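Since the structure is predicted, the reported quantities are computational estimates derived from the model, not experimental observations.
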Amino acid sequence: MHSARTTTRTTGARTSGAGTGGAGAGTTGTAPRAARWNGTAGSYPQWYEDPLSCLQTTLGGVLLEHGLRPVEVLGLSCEFVFAPEDLPREEFYRPAQGDRGVAGDLCPYHEVESAWTTGADADDLIGLIEEHSGVVVAVDNYHLPFRPAFHDVHAAHLVVVPGWRRTAGGAVEFYVSDAQPPRFQGWLAAEHLLASWLSGNPSDTQDVFFSSREIGGRVLTTSVREQPGELTADRVALALRGNLDRWTGGTAGTGDRLWTGRAGLGRFVERLTEHRGDPAELRSAYTLGWSMQSQAFLHGRLAQEFAHRSKQSPLLEVAASADRVVAAWSNVRLLGAHAAETAGITELVPRRGAELVHAYEQLAADWQLALAKEWTDV
């Protein structure tokens, strides 16, 4: 993260049409955006699917703003990745992989990038919005009037903030878009957003998963460049090959920062089994599992939609296997969340872990079978 910006802005609302972006930490610039969002109309694009977290829904909104279908971008990739030294404490947690940021990790087959940066006050946030034509902002639900947790539960979350304005009285307001139920978009007084954005997010017994880590003025900037046209069978096949290669070529060595693919998942399950008597250690599977589960869900949705559209029947088996990965993650996540109250936990952890491994192995086998077929675009 780089230091907070201190540039002061005094002029009105921002629309997406003028942004050309610049160099943030880890970014390489933002292509000019079409004038899709208009603050007066209040129609920022929103996208939500169960069981996605705010990481996918906010990125999905950004992709929609650029004229892309989120399922066709976020649904191409499916993999396992775990950072053994990380302590996941946020709904939007995902282990960092490449130099294109979390957006690049989730969209490896498109020119999408992101970078985390920080700010300390309203002027910093305005500067980031101006520079990047809107940003994704980390928040604490406790301070947001439109969230059910308002003044009740501390929990980390993400929202899109595409614009700002000054009222007739001179007060600053930010436009906030949150696709997660109960769904909200509209102008919000700066005091609410800043309290949420700068929150200490203290430990909260009502949400032990997503509290206990300071929000700290974090902002995710994004870059979406010129993208390929309509999704083709060749591009889907390329993605399946990439997914299969990452699965079979995964690593889980003692000195590896990331455990990935088949080897990484096997070691992850071994670690869960070793700590099956420690509920606090098992709890991290709930948080990590959300990002993995969401990715598998989107991969299954993409495979199913494209199979029906292009008559590529092998992709229906890929879709079914991806859904089995989703179900297996549900079992592992719920077990991790409720380990302290679950009878027979020592027997259940290795069993659920083995089911998860089997589900991924079946998905990999179906990738291989699909790649063995001769595809034709219809």
Side-chain angles (χ1 to χ4, degrees), residues 49-53 56 69-82 94-95 105-109 231-250 252 259-269 272 285-286 288-336 348 350-376 378:
E49 297 266 4
D50 260 348
L52 305 184
S53 77
Q56 286 83 16
R69 294 190 68 240
V71 170
E72 291 187 358
V73 181
L74 293 165
L76 284 173
S77 177
C78 185
E79 62 184 322
F80 174 81
V81 58
F82 173 64
R94 191 183 192 279
D105 295 339
L106 290 173
C107 311
Y109 306 109
L231 189 64
T232 65
D234 285 345
R235 288 179 51 220
V236 173
L238 179 67
L240 297 191
R241 170 54 62 190
N243 295 343
L244 183 60
D245 288 346
R246 287 197 298 277
W247 171 253
T248 58
W259 296 353
T260 61
R262 174 186 284 134
L265 180 59
R267 187 149 183 214
F268 172 75
V269 169
L272 288 182
Y286 179 84
L288 167 77
W290 201 345
S291 64
M292 301 295 109
Q293 184 179 40
S294 296
Q295 194 172 32
F297 168 80
L298 288 172
H299 186 61
R301 176 64 61 83
L302 180 279
Q304 182 183 57
E305 289 185 1
F306 193 79
H308 289 302
R309 188 164 77 232
S310 65
K311 312 302 181 187
Q312 307 293 345
S313 57
L315 286 177
L316 292 176
E317 296 301 323
V318 171
S321 287
D323 287 347
R324 283 190 284 270
V325 172
V326 174
W329 267 120
S330 288
N331 288 336
V332 170
R333 292 184 65 216
L334 289 173
L335 196 60
L348 281 173
R351 184 188 310 169
R352 297 305 187 210
E355 291 168 356
L356 182 63
V357 171
H358 178 74
Y360 271 100
E361 290 285 13
Q362 184 60 57
L363 177 58
D366 285 322
W367 286 334
Q368 200 159 20
L369 287 171
L371 289 166
K373 305 290 185 181
E374 183 177 346
W375 291 23
T376 55
V378 176

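In this structure, the side chain to side chain contact (heavy atoms under 4.5 Å, CB included) partners of T248, at least two apart in sequence or on a different chain, are L244, R262. When the side chain to side chain contact (heavy atoms under 4.5 Å, CB included) test is applied to H308, the partners found at least two apart in sequence or on another chain are Q304, L316. With sequence neighbours excluded, the residues satisfying side chain to side chain contact (heavy atoms under 4.5 Å, CB included) with L348 are L335, T342, R351, R352. Evaluation of the side chain to side chain donor-acceptor pair (under 3.5 Å) rule for W290 yields no partner, not counting sequence neighbours. Here F268 pairs with F80, F82 under the ring pair (Phe, Tyr, Trp, His ring centres under 6.0 Å) rule; sequence neighbours left out. The salt bridge (Lys or Arg N to Asp or Glu O under 4.0 Å) check on E317 picks up nothing, with sequence neighbours excluded. Here V357 pairs with L265, V269, E361 under the side chain to side chain contact (heavy atoms under 4.5 Å, CB included) rule; sequence neighbours left out. Evaluation of the side chain to side chain donor-acceptor pair (under 3.5 Å) rule for S330 yields Q293 as partners, not counting sequence neighbours. Contacts of Q368 classified as side chain to side chain donor-acceptor pair (under 3.5 Å), with partners at least two apart in sequence or in another chain: none. R69 pairs by the salt bridge (Lys or Arg N to Asp or Glu O under 4.0 Å) definition with E72, E305, not counting sequence neighbours. Residues forming a side chain to side chain donor-acceptor pair (under 3.5 Å) with N243 (at least two apart in sequence, or on another chain): Y109, R246.
Between L240 and A370, the shortest heavy-atom distance links the atoms CD1-CB, 3.9 Å. Closest non-hydrogen pair, H299 versus G75, comes out as ND1-O, 2.9 Å. Nearest heavy atoms, D50 versus F297: O-CZ, 2.7 Å. A pairwise comparison of heavy atoms in A328 and A359 identifies CB-CB, 4.1 Å as the closest pair. Between D366 and V318, the shortest heavy-atom distance links the atoms O-CG2, 3.7 Å. In this structure, S321 and Q362 approach most closely via the heavy-atom pair OG-CG, 3.4 Å.
When side chains are defined from C-beta on, L76 counts as touching L231, because their heavy atoms get closer than 4.5 Å. Looking at P95 and L288, their side chains come closer than 4.5 Å, going by heavy atoms from C-beta outward.
Here CG of D245 is found 12.0 Å from CD of E79. Values are rounded to the nearest 0.5 Å. Once rounded to the nearest 0.5 Å, the distance linking CG of L74 with CG of L52 reads 8.5 Å. Within the model, atoms CG of L106 and OG of S291 stand 8.0 Å from one another, a figure rounded to the nearest 0.5 Å. Distance check: Y360 OH to C78 SG gives 5.5 Å after rounding to the nearest 0.5 Å. The distance from atom CZ of R324 to atom NE2 of H358, rounded to the nearest 0.5 Å, is 7.5 Å.
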Verdict with supporting geometry, E355 and V332, side-chain contact (heavy atoms from CB on, under 4.5 Å): CA-CA 9 Å; E355 291 168 356; V332 170; over 6 Å; no
List the steps, then state whether side-chain contact (heavy atoms from CB on, under 4.5 Å) holds for W329 with V326. CA-CA 5 Å; W329 267 120; V326 174; 5.9 Å; no
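Among residue pairs with one or both ends in residues 293-304, those qualifying as salt bridge (charged side-chain N to carboxylate O under 4.0 Å, His left out) are E49-R301; sequence neighbours excluded.
Not one N or O on the side chain of S77 forms a donor-acceptor pair closer than 3.5 Å with the backbone of A239.
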